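Have a look at the structure below before the remarks.
Computed from a prediction, not measured in an experiment: that's the story for all the values here. Lettering of chains follows the sequences in order, A, B, ..., and the numbering in each one begins at 1.
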Number of protein chains: 2
Amino acid sequence: MLIPLIASGFFFAQQKDDSLVFSKISGQILNQGEAYEELRYLSKNIGHRLSGSAAYEKATQWAFNQLKQAGADKVWLQPVKVPVWVRGKESLHIKTANGQWQSVNMLSLGNSEGTNGKDLTGDIILVKTIEEFNALPESTVKGKIVFFNNSFNQSYITTFLGYRDAGIYRRATASMVAKKGGKAVIIRSLSSATDDAPHTGAMKYEDGIEKIPAIAIGPKGAENLAKLLQSQKVTAKLNSNCGMKEEVMSNSVIGEITGKKDQKVIVVGGHLDSWDVGEGAQDDGAGIVQSIEVLRTFKKLGLNNNHTIRAVLFANEENGTRGGLKYAEENGAKEKHIFALESDAGGYSPIGFFMDVKPEQKTDVKNWMKLFAPYNVHNIADSEGGTDIAPLKKYGVSTAGLMPDSQRYFDLHHSASDTFEAVNRRELLLGASVMTQLIYMVDKYWE
Amino acid sequence: MLIPLIASGFFFAQQKDDSLVFSKISGQILNQGEAYEELRYLSKNIGHRLSGSAAYEKATQWAFNQLKQAGADKVWLQPVKVPVWVRGKESLHIKTANGQWQSVNMLSLGNSEGTNGKDLTGDIILVKTIEEFNALPESTVKGKIVFFNNSFNQSYITTFLGYRDAGIYRRATASMVAKKGGKAVIIRSLSSATDDAPHTGAMKYEDGIEKIPAIAIGPKGAENLAKLLQSQKVTAKLNSNCGMKEEVMSNSVIGEITGKKDQKVIVVGGHLDSWDVGEGAQDDGAGIVQSIEVLRTFKKLGLNNNHTIRAVLFANEENGTRGGLKYAEENGAKEKHIFALESDAGGYSPIGFFMDVKPEQKTDVKNWMKLFAPYNVHNIADSEGGTDIAPLKKYGVSTAGLMPDSQRYFDLHHSASDTFEAVNRRELLLGASVMTQLIYMVDKYWE
């Protein structure tokens with residue numbers, strides 16, 4: 001029984017060393033981290049930055065400079081063609097039995113076509129679920145505006161599951177309604193809040209189906225509309241100018257610090273684009289500044305990485321994933337990637353990792369959880385690492401995502417409420433710290 | 001080896017049953033919980049409520065009614081004499097080499113004497129630590145205003161530890177300075193934020209030492225003042241009207257649901273008073289509405305408690321603990337108490353429990369952690385359960401505290417930033433859910 005004892009003694013000595021490095025990392029970031037002030041600049045001076053917008057271009061220049069200042073040995077832009085969707089002016093009014101029009105807070109869903117600035121008027125019919133809609137005959141739907149009042153399932157502890165369940169209402173209902181001759185679709189926002197903020201996000205039309213307008217209203221507006229529809233006819237008047245434009249060239253921004261041992265790559269990243277409301281602070285300004293902080297911390301602490309550690313700030317996650325696809329195509333195929341980590345679930349207190357790795361790597365991470373426990377990081381979920389790094393799976397790359405506490409994310413995700421003020425300094429920095437710690441372990445122990 | 005197998009089979013079957021009840025509890029609270037709207041009322045319609053204030057009396061009436069509505073079988077007030085401290089108008093101005101007076105955001109510390117409305121003027125001397133102050137000769141301190149620019153230690157993952165370390169600067173520096181002939185003390189607020197909000201909180205004079213004014217300034221004001229003092233003389237002009245008044249009679253509010261088996265008591269509580277700035281939403285409105293939610297949920301779900309479950313909404317935690325002392329004296333001595341749980345660390349996502357229980361009870365709670373893991377509750381810390389229930393220890397009562405994520409608490413604790421807007425619905429309700437789950441287990445398994 002001597003060998004296991006030696007082995008475990010060695011194991012514990014290692015963990016003690018690693019625990020000291022963990023503590024150095026968190027001390028550095030919690031005290032001297034710059035991610036919070038960086039995020040203030042990105043949120044307040046650049047603001048929201050949808051693919052193809054002038055603000056997105058401004059963000060790439062800013063990110064390029066931030067990566068240089070963080071100490072990256074090499075920084076470059078990765079060109080990529082992106083779709084362009086423009087919102088323009090938009091409004092929704094409803095009229096009830098009293099004959100008065102009243103305005104309702106709304107946002108067109110991303111990628112949706114608008115009404116070309118003309119009033120689209122129609123009576124609203126209410127359904128709660130897709131099942132309920134499917135049971136309706138075409139004659140009931142024809143010429144109508146269908147309102148899906150599906151509420152966010154609050155029962156899940158992990159709100160990502162509530163979001164997952166509700167996703168189909170945003171993505172797919174427009175074509176369902178169009179197939180039955182409906183004029184437009186209104187959805188209750190994919191929101192865990194009880195306020196009136198509408199949330200946008202990507203929708204998709206089925207090929208060959210008429211592209212009818214799709215909009216979202218806030219939880220309060222939805223409650224109100226549903227209540228009205230129980231007792232009376234409600235007519236909607238929608239006017240919007242949104243639609244797809246010509247694709248344009250844009251860029252992901254990439255910076256790296258060279259490994260002392262080899263040129264195998266470890267990716268850490270988030271997406272630089274955001275929806276065109278709020279400031280894109282939690283989604284995903286947080287992941288951007290955290291990824292830059294990882295590089296900065298490796299440099300500042302002289303952690304002497306074995307492999308190349310590369311921050312990839314992806315273009316166009318929100319309405320195309322073109323940045324992620326391009327990176328996988330150009331780099332995933334040509335360079336050996338050990339691992340990719342994404343932060344795209346908000347800069348809240350970290351509680352674990354989403355993991356899509358090899359079984360032996362999962363065993364490693366489970367062993368490492370002792371080191372993470374003092375940082376309140378306890379959870380490992382078998383799940384995709386992140387939208388932008390998922391295309392790397394094709395090349396056999398192990399991926400993971402930072403799992404933050406999820407209670408607040410879907411209160412503000414894709415809405416005007418996603419501002420810098422919704423981000424807490426310590427939470428954001430603790431996320432960056434845990435990301436740096438994981439990258440440190442991967443760099444040290446994985447090949 | 002048959003017996004252990006049966007025992008563990010039994011154990012797992014039990015855990016499965018309990019896990020179903022856990023899920024019922026969280027489903028009920030996350031979907032139908034009323035704590036968030038209750039807290040909105042308390043914060044917005046009653047607001048801050050320092051002991052002895054009219055608002056505190058209003059809060060007791062409100063709490064009495066809420067406990068009744070929540071389904072308590074019996075609700076009563078527990079009279080208790082409380083100290084009364086009144087702030088009044090106050091200001092701090094500083095003058096530098098340019099001769100201009102400028103205003104600095106400030107709050108007198110709770111229990112501090114003021115300047116009786118007269119200007120107290122003096123030159124400021126800067127120290128960073130108490131050690132540094134102790135090294136100063138009396139001649140340096142005499143007639144001066146001492147500024148302690150001790151910053152909150154951000155290195156701790158648990159911010160309670162940063163608060164603990166900084167506590168002595170708020171509580172004890174006034175008498176230290178008075179002993180050396182100083183006129184007043186200014187402290188850098190016990191704040192983890194980087195903003196300019198000053199934080200109040202209790203200070204204490206040593207017996208027989210002159211009671212000089214003690215005030216706090218915000219982190220930004222402190223940085224600014226420290227910078228000025230590096231290069232020039234800075235004179236302060238303090239004017240304040242705060243001070244202690246006559247003690248008055250007040251009340252804790254208590255409600256309970258009767259046990260089906262016996263009259264042994266399980267306490268769940270928080271404190272109803274708050275400091276006199278902000279709205280006392282996180283400290284400790286959250287604990288109040290969570291405690292009421294525990295009772296409501298036992299009633300709503302018909303959980304049929306064995307023992308009496310009693311919500312105690314304590315008076316005067318902030319500047320006297322008189323409510324906690326009174327309850328222990330009146331009830332701790334006369335009734336058998338199985339357990340007391342307090343929520344007084346903010347209504348953030350729950351991550352564990354502070355535990356001050358018997359060793360065999362700690363083993364139980366460790367076994368229960370499997371049930372709590374799906375709620376992201378993983379931590380057990382050996383620590384006092386809470387200020388209000390600590391006096392029960394004298395009567396051998398096991399105590400515990402809800403441990404929420406602590407990253408944001410000391411950004412707003414005891415400051416004008418502690419408002420309803422800083423509370424998240426799901427976080428607050430998840431805390432109430434975990435409290436109900438723990439009380440359910442204690443009620444079922446402990447005698």
Side-chain angles (χ1 to χ4, degrees), chain A residues 22-33 36-37 40 151-159 162 192-195 219 347-352 369 372-379 381 403-412 417 421-431 433-434, chain B residues 22-33 36-37 40 151-159 162 192-195 219 347-352 369 372-379 381 403-412 417 421-431 433-434:
Chain A
F22 271 42
S23 167
K24 261 192 206 167
I25 290 170
S26 77
Q28 163 66 28
I29 295 181
L30 288 172
N31 288 290
Q32 272 94 45
Y36 185 67
E37 290 305 322
R40 186 196 300 274
S151 54
F152 196 95
N153 186 342
Q154 299 277 4
S155 300
Y156 294 113
I157 303 309
T158 298
T159 60
S192 53
T194 54
D195 62 15
Y348 303 99
S349 290
I351 65 168
M369 292 314 273
F372 284 106
Y375 302 88
N376 299 322
V377 167
H378 300 272
N379 302 282
M403 184 201 295
D405 182 66
S406 70
Q407 301 315 313
R408 289 172 282 153
Y409 195 49
F410 294 103
D411 283 5
L412 53 76
S417 314
E421 289 72 17
V423 180
N424 176 266
R425 183 181 166 278
R426 283 186 57 92
E427 288 191 316
L428 179 77
L429 295 177
L430 208 49
S433 170
V434 164
Chain B
F22 270 42
S23 166
K24 260 192 205 168
I25 289 170
S26 77
Q28 163 67 26
I29 295 182
L30 288 171
N31 288 291
Q32 272 94 45
Y36 185 66
E37 290 305 322
R40 187 195 301 273
S151 54
F152 196 95
N153 187 344
Q154 299 278 4
S155 300
Y156 294 113
I157 304 309
T158 300
T159 61
S192 54
T194 54
D195 62 14
Y348 304 99
S349 289
I351 65 169
M369 291 316 274
F372 283 107
Y375 302 88
N376 299 323
V377 167
H378 299 273
N379 302 281
M403 185 200 294
D405 182 65
S406 70
Q407 302 314 313
R408 289 172 281 152
Y409 194 48
F410 294 103
D411 282 6
L412 53 76
S417 314
E421 289 72 17
V423 180
N424 176 266
R425 183 181 166 278
R426 283 187 55 93
E427 289 191 316
L428 179 77
L429 295 178
L430 208 49
S433 169
V434 164

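- Within residues 421-428 of chain A, the residues having any heavy atom under 4.5 Å from a heavy atom of chain B are, by residue number, Asn424(A), Arg425(A), Arg426(A), Glu427(A).
- The OG atom of Ser433(B) sits 6.0 Å away from the CG atom of Leu30(B) when rounded to the nearest 0.5 Å.
- Looking only at heavy-atom pairs under 4.5 Å with chain B, the residue among Pro374(A), Ser192(A), Ser155(A) that has the most is Ser155(A).
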- [ ] Take Thr159(A) and Gln154(A) through the side chain to side chain contact (heavy atoms under 4.5 Å, CB included) test and state the conclusion after the steps.
- [x] CA-CA 7 Å; Thr159(A) 60; Gln154(A) 299 277 4; 5.9 Å; no
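- Neither the backbone nor the side chain of Ser23(B) comes within contact range of chain A; no heavy atoms are under 4.5 Å apart.
- Closest non-hydrogen pair, Asn379(A) versus Ile351(A), comes out as ND2-O, 2.9 Å.
- Applying the ring-ring contact (aromatic ring centres under 6.0 Å, His included) criterion to Phe372(B), with sequence neighbours excluded, gives Phe22(B), Phe353(B).
- Heavy atoms closer than 4.5 Å to chain A are found nowhere in Tyr348(B), neither backbone nor side chain.
- Pro219(B) is listed as a side-chain neighbour of Asp195(B), based on a closest heavy-atom distance under 4.5 Å.
- Between the side chains of Ser349(B) and Asn376(B), no donor-acceptor pair is found at a separation under 3.5 Å.
- Asn153(B) places no side-chain N or O within donor-acceptor distance of the main-chain N or O of Gly162(B), the cut-off being under 3.5 Å.
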